[in-house]
Amino acid sequence: QVQLVESGGGLVQPGGSLRLSCAASKMIFSIYAMGWYRQIPGKQREMVATITSGDYTNYAVSVKGRFTISRDNAKNTVYLQMNSLKPEDTAVYYCKLSNPWDVAAPTYWGQGTQVTVSS
């Protein structure tokens, strides 16, 4: 089965930076679309950034210009570089894998990694 493992979360001061990583167990990683989502307790999970197999990216308005999503297919890993962090970025961040070539295929989620932005 597909397994996604996030890492890189932690505590950072406002204005600081973090780099999240998500390692996938898929052998043919390059064909899948990847994304980062976040969830604040009591609120719905929201999209942060996505990247297609063709490296087309999309960002939530709230993070545009501050976050960068990228992928390294040779390492089966997707990254989220987070700069100029704000307290409102505090959340559990989840990695998502989907198959854009099969509309009936399931999506997969990692276990999440906590990001806390505070003084």
Side-chain angles (χ1 to χ4, degrees):
Q1 60 178 347
V2 175
Q3 293 183 326
L4 303 174
V5 181
E6 301 102 331
S7 62
L11 175 65
V12 65
Q13 294 183 343
S17 298
L18 285 174
R19 190 190 192 195
L20 305 184
S21 298
C22 173
S25 62
K26 279 290 185 179
M27 297 298 296
I28 311 176
F29 182 76
S30 62
I31 69 173
Y32 299 100
M34 303 296 297
W36 286 98
Y37 292 68
R38 66 187 181 188
Q39 187 167 23
I40 299 171
K43 295 187 176 181
Q44 296 293 116
R45 189 172 299 182
E46 64 178 1
M47 187 274 287
V48 176
T50 59
I51 185 167
T52 69
S53 60
D55 287 342
Y56 182 85
T57 59
N58 189 38
Y59 298 91
V61 173
S62 60
V63 307
K64 187 175 182 295
R66 300 188 297 120
F67 292 7
T68 302
I69 188 171
S70 62
R71 63 194 299 161
D72 186 337
N73 293 331
K75 296 181 178 180
N76 284 11
T77 301
V78 63
Y79 304 95
L80 184 68
Q81 179 65 46
M82 309 165 69
N83 299 327
S84 302
L85 283 161
K86 304 175 181 179
E88 64 192 78
D89 295 319
T90 296
V92 177
Y93 284 71
Y94 296 90
C95 178
K96 177 185 177 182
L97 178 150
S98 62
N99 185 351
W101 316 108
D102 186 353
V103 297
T107 59
Y108 298 89
W109 296 88
Q111 82 287 347
T113 185
Q114 177 71 47
V115 171
T116 302
V117 185
S118 176
S119 299

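For the numbers below, each heavy atom of this structure counts, side chains included, while hydrogens, waters and symmetry mates do not.
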* Cluster link Val5 to Ile51, ILVMFWY, side chain under 4.5 Å -> no

Acceptor/donor pairs from residues 11-20 side chains to any protein atom, 3.5 angstrom cut, sequence neighbours excluded:
| residue | atom | partner | partner atom | Å |
| --- | --- | --- | --- | --- |
| Ser17 | OG | Asn83 | OD1 | 2.9 |

* Step by step, would you call Lys96 with Thr50 a side-chain contact (heavy atoms from CB on, under 4.5 Å)? -> CA-CA 9 Å; Lys96 177 185 177 182; Thr50 59; over 6 Å; no

* Identify the heavy atoms of Gln114 and Thr90 that sit nearest to each other, and give their distance. => NE2-CG2, 4.0 Å

* Asked: About how many Å separate OG of Ser62 and CE of Met47, when rounded to the nearest 0.5 Å?
  -> 9.0 Å

* **Minimum heavy-atom distance Thr77-Lys75, with the two atoms named** => OG1-O, 2.8 Å

* Asked: Where do Tyr59 and Ile69 land on the side-chain contact (heavy atoms from CB on, under 4.5 Å) test, with the steps shown first?
  -> CA-CA 9 Å; Tyr59 298 91; Ile69 188 171; 3.5 Å; yes

* ring-ring contact (aromatic ring centres under 6.0 Å, His included) partner of Tyr37, chosen from Tyr94, Trp109, Tyr93 -> Trp109

* To do: Looking only at non-hydrogen atoms, find the nearest pair between Ala24 and Leu4 and report the distance.
  => CB-CD2, 3.5 Å

* **Closest approach of Ser98 to Thr107 (non-hydrogen atoms, all atoms of both residues)** => CB-CG2, 3.7 Å

* Lys86 and Val117: side-chain contact (heavy atoms from CB on, under 4.5 Å), yes or no, with the steps? -> CA-CA 6 Å; Lys86 304 175 181 179; Val117 185; 5.5 Å; no

* **Nearest-0.5 Å distance, SG of residue Cys22 to CG of residue Leu80** => 10.5 Å

* To do: Compare every heavy atom of Ser30 with every heavy atom of Asn73, then report the nearest pair and how far apart it is.
  => ND2-CB, 3.5 Å

* **Reported CG-to-CZ distance for the pair Leu85 and Phe67, which is rounded to 0.5 angstrom** => 5.0 Å

* To do: Treat each ILVMFWY residue as a node, draw an edge where side-chain heavy atoms are under 4.5 Å apart, and state whether Trp101 and Tyr32 are in one component.
  => yes

* Structure fact -> Distance col, row Lys64:NZ vs Thr57:OG1, nearest 0.5 angstrom, shows 9.5 Å

* **Criterion side-chain contact (heavy atoms from CB on, under 4.5 Å) on Val48 and Met82, from CA distance to verdict** => CA-CA 11 Å; Val48 176; Met82 309 165 69; over 6 Å; no

* To do: Group every Ile, Leu, Val, Met, Phe, Trp and Tyr by side-chain heavy-atom contacts under 4.5 Å, then state whether Val63 and Val115 land in the same group.
  => yes

* To do: Working to the nearest 0.5 Å, report the span between CD1 of Ile40 and CZ of Arg38.
  => 6.5 Å

* Going from CG on Asn99 to OH on Tyr108, what distance comes out if it is rounded to the nearest 0.5 angstrom? -> 9.5 Å

* Do you know which two heavy atoms are closest between Cys95 and Glu6, and how far apart they sit? -> N-OE2, 2.7 Å

